[in-house]
Participant: 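Here it is, the structure, as structure tokens.
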Amino acid sequence: MKTSVFILAGMMVAVIATGQNQELKKIKITQPAFMGEYPNSINAHIQKKAEYPATELKWGVQGTVVAGFVITPTGELKNIEIVNSVSDAIDNEVIQVLKSTNGKWRPGVVNGEAVAMPNEVSVVFKLYQEDNFIEIAKNYLQKGVNAFFVKDNPEKALKYFNQGINFLPNDEAMLAVRGLCKFKLGDETGANRDWNRSKYLAKKNGTSSEIDNLAKIPDNSQEYDEMLRALIK
């Protein structure tokens, strides 16, 4: 059985803003760069070094890990955080590979000064190369939408949304609708986490937020009004 580790999105860099009433100044930003065996390519490094844990192979566990971290002004890699988890074993594999890059980074620079910058990598653990994670995730999304909006079964819907996001964790629409599902189940903290992530990805990608699109869905319930108020916060 052929198994592979695939690397998707590269790094995400913090947004820098000026004060509303201040004159806008030109800001020159240079992103952190990995200076290891594959200069400027943390993706290639992870693809070569990451191994599929034997237990996850045995049980057919696959999905996409998203890991965030910070590159300090001295080029150190700090504060690794799993943004989207697949399993403890797979998450730990990504963490260990990232730790091995500590000290092999050129820091990010803003207007000539080295600064700390948060970054992310997305790592796909796929059992079969022909598996299409986008189609798998869309299938779970459709099932979740049907369970949530048609059958009014948020508990079942949440299971479908979780499965879909396991394969496609940076999908704004799935994060937004899972937030709605969590909110209905009383998990406001989890809902806001998903909504904030969705809005962050929309801003990064320069697209309209799926949160704004969902807010246009007609619904007269008090619960939906509460959800909209939570979105505005």
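All of these numbers come straight from a predicted model, not from anything done at the bench.
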Participant: Decide yes or no on side chain to side chain contact (heavy atoms under 4.5 Å, CB included) for Ile134 and Leu168, but give the supporting numbers first.
Facilitator: CA-CA 7 Å; Ile134 294 177; Leu168 217 61; 4.1 Å; yes
Participant: Checking Glu172 against Ser198: is there a side-chain donor and acceptor pair closer than 3.5 Å?
Facilitator: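 The answer is no; no qualifying pair exists.
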Participant: Rounded to the nearest 0.5 Å, how far does CD of Glu93 lie from OG of Ser87?
Facilitator: 10.5 Å
Participant: Quick one: do Val70 and Met117 satisfy side chain to side chain contact (heavy atoms under 4.5 Å, CB included)? Show the steps, please.
Facilitator: CA-CA 6 Å; Val70 174; Met117 284 191 184; over 6 Å; no
Participant: Out of Thr64, Val61, Val94, which one pairs with Phe125 under the side chain to side chain contact (heavy atoms under 4.5 Å, CB included) rule?
Facilitator: Val94
Participant: Does any part of the side chain of Ser100, heavy atoms only, come nearer than 4.5 Å to the side chain of His45, both counted from C-beta?
Facilitator: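 Of all side-chain heavy-atom pairs linking Ser100 with His45, at least one is under 4.5 Å.
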Participant: For residues Asp187 and Gly190, report the shortest heavy-atom separation together with the two atoms involved.
Facilitator: OD1-N, 2.9 Å
Participant: Check whether any side-chain heavy atom of Ile165 lies under 4.5 Å from a side-chain heavy atom of Asp171, and answer yes or no.
Facilitator: no
Participant: Is any side-chain heavy atom of Asn170 closer than 4.5 Å to one of Ser122?
Facilitator: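 Yes - at least one pair of side-chain heavy atoms lies under 4.5 Å apart.
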Participant: When rounded to the nearest 0.5 angstrom, what distance separates CD1 in Ile42 from CD in Gln47?
Facilitator: 12.0 Å
Participant: What are the two closest non-hydrogen atoms of Glu120 and Gly68, and how far apart are they?
Facilitator: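 Minimum heavy-atom separation between Glu120 and Gly68: CG-CA, 4.0 Å.
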Participant: Would Lys104 and Phe34 count as a cation-pi pair here, with the cationic atom under 6.0 angstrom from the ring centre and within 45° of the axis?
Facilitator: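 Relative to the ring axis of Phe34, which defines the angle, Lys104 lies outside at least one limit.
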Participant: Within the 4.5 Å heavy-atom criterion, are Phe148 and Lys184 side-chain neighbours or not?
Facilitator: yes
Participant: Given Lys156, which partner from the list Asn153, Asp152, Leu158 fulfils the side chain to side chain contact (heavy atoms under 4.5 Å, CB included) test?
Facilitator: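 Testing Lys156 for a side chain to side chain contact (heavy atoms under 4.5 Å, CB included) against Asn153, Asp152, Leu158 leaves exactly one candidate, Asn153.
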Participant: Starting from Leu98, can I reach Val86 by hopping between I/L/V/M/F/W/Y residues whose side chains sit under 4.5 Å apart?
Facilitator: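 Linked, Val86 and Leu98 end up in one cluster.
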Participant: Report yes if the side chains of Trp195 and Leu175 come closer than 4.5 Å at any heavy-atom pair, otherwise no.
Facilitator: no
Participant: When the ring planes of Trp105 and Phe69 are compared, do they come out parallel, tilted or perpendicular, using 30° and 60° as the limits?
Facilitator: tilted
Participant: Phe167 vs Tyr140, test: side chain to side chain contact (heavy atoms under 4.5 Å, CB included). Steps then yes/no.
Facilitator: CA-CA 10 Å; Phe167 291 99; Tyr140 280 119; 3.9 Å; yes
Participant: Is the closest side-chain heavy-atom distance between Leu141 and Tyr160 below 4.5 Å?
Facilitator: no
Participant: If Ile, Leu, Val, Met, Phe, Trp and Tyr residues are connected whenever their side-chain heavy atoms lie under 4.5 Å apart, and connections chain through other members, are Val65 and Ile95 in the same group?
Facilitator: yes
Participant: Of the non-hydrogen atoms in Pro107 and Ala114, which two are nearest, and what is the gap between them?
Facilitator: CG-CB, 4.1 Å
Participant: Out of curiosity, Gln96 CD to Glu51 CD, how far, rounded to the nearest 0.5 Å?
Facilitator: 12.0 Å
Participant: Does Asn162 CG have over 12 foreign heavy atoms under 6.0 Å away?
Facilitator: yes
Participant: So which heavy atom on Ala157 is nearest to which on Cys181, and how close?
Facilitator: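 Closest pair (atom of Ala157, atom of Cys181, distance): CB-SG, 4.0 Å.
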Participant: Start with the C-alpha distance between Glu76 and Arg106, add both sets of side-chain angles, then the distance that settles salt bridge (charged side-chain N to carboxylate O under 4.0 Å, His left out), and finish with yes or no.
Facilitator: CA-CA 9 Å; Glu76 301 296 309; Arg106 186 174 63 218; over 6 Å; no
Participant: Please report the shortest heavy-atom distance between Ile82 and Ala67, naming the atom on each side.
Facilitator: CD1-CB, 4.1 Å
Participant: Quick one: do Lys126 and Asp131 make a salt bridge, cutoff under 4.0 Å?
Facilitator: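 No salt bridge links Lys126 with Asp131.
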Participant: Under 4.5 Å between side-chain heavy atoms, counting indirect links through other Ile/Leu/Val/Met/Phe/Trp/Tyr residues: same cluster for Val83 and Val97 or not?
Facilitator: no
Participant: Measure the spacing between CG of Asp194 and OG1 of Thr189 and express it to the nearest 0.5 Å.
Facilitator: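 The CG atom of Asp194 sits 11.5 Å away from the OG1 atom of Thr189.
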Participant: Answer yes or no: is there a side-chain heavy-atom contact under 4.5 Å between Ile71 and Asn119?
Facilitator: yes
Participant: CD of Glu188 to NZ of Lys182: how many Å apart, nearest 0.5 Å?
Facilitator: 13.0 Å
Participant: Do Asn146 and Gln142 pass the side chain to side chain contact (heavy atoms under 4.5 Å, CB included) test, and can you show the C-alpha distance, the side-chain angles, and the key distance before you say yes or no?
Facilitator: CA-CA 6 Å; Asn146 183 63; Gln142 290 169 358; over 6 Å; no
Participant: Working to the nearest 0.5 angstrom, can you tell me the gap between Glu56 CD and Asp91 CG?
Facilitator: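 Reported to 0.5 Å precision, the distance equals 9.0 Å.
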Participant: May I ask whether Leu77 and Val109 are part of the same hydrophobic cluster, defined by side-chain heavy atoms of I, L, V, M, F, W, Y residues being less than 4.5 angstrom apart, directly or through others?
Facilitator: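 No.
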Participant: Less than 4.5 Å apart, side chain to side chain, heavy atoms only: is that true for Gln62 and Tyr52?
Facilitator: yes
Participant: Is atom CD of Glu130 surrounded by more than 12 heavy atoms (other residues, nucleotides or ligands) closer than 6.0 Å?
Facilitator: yes
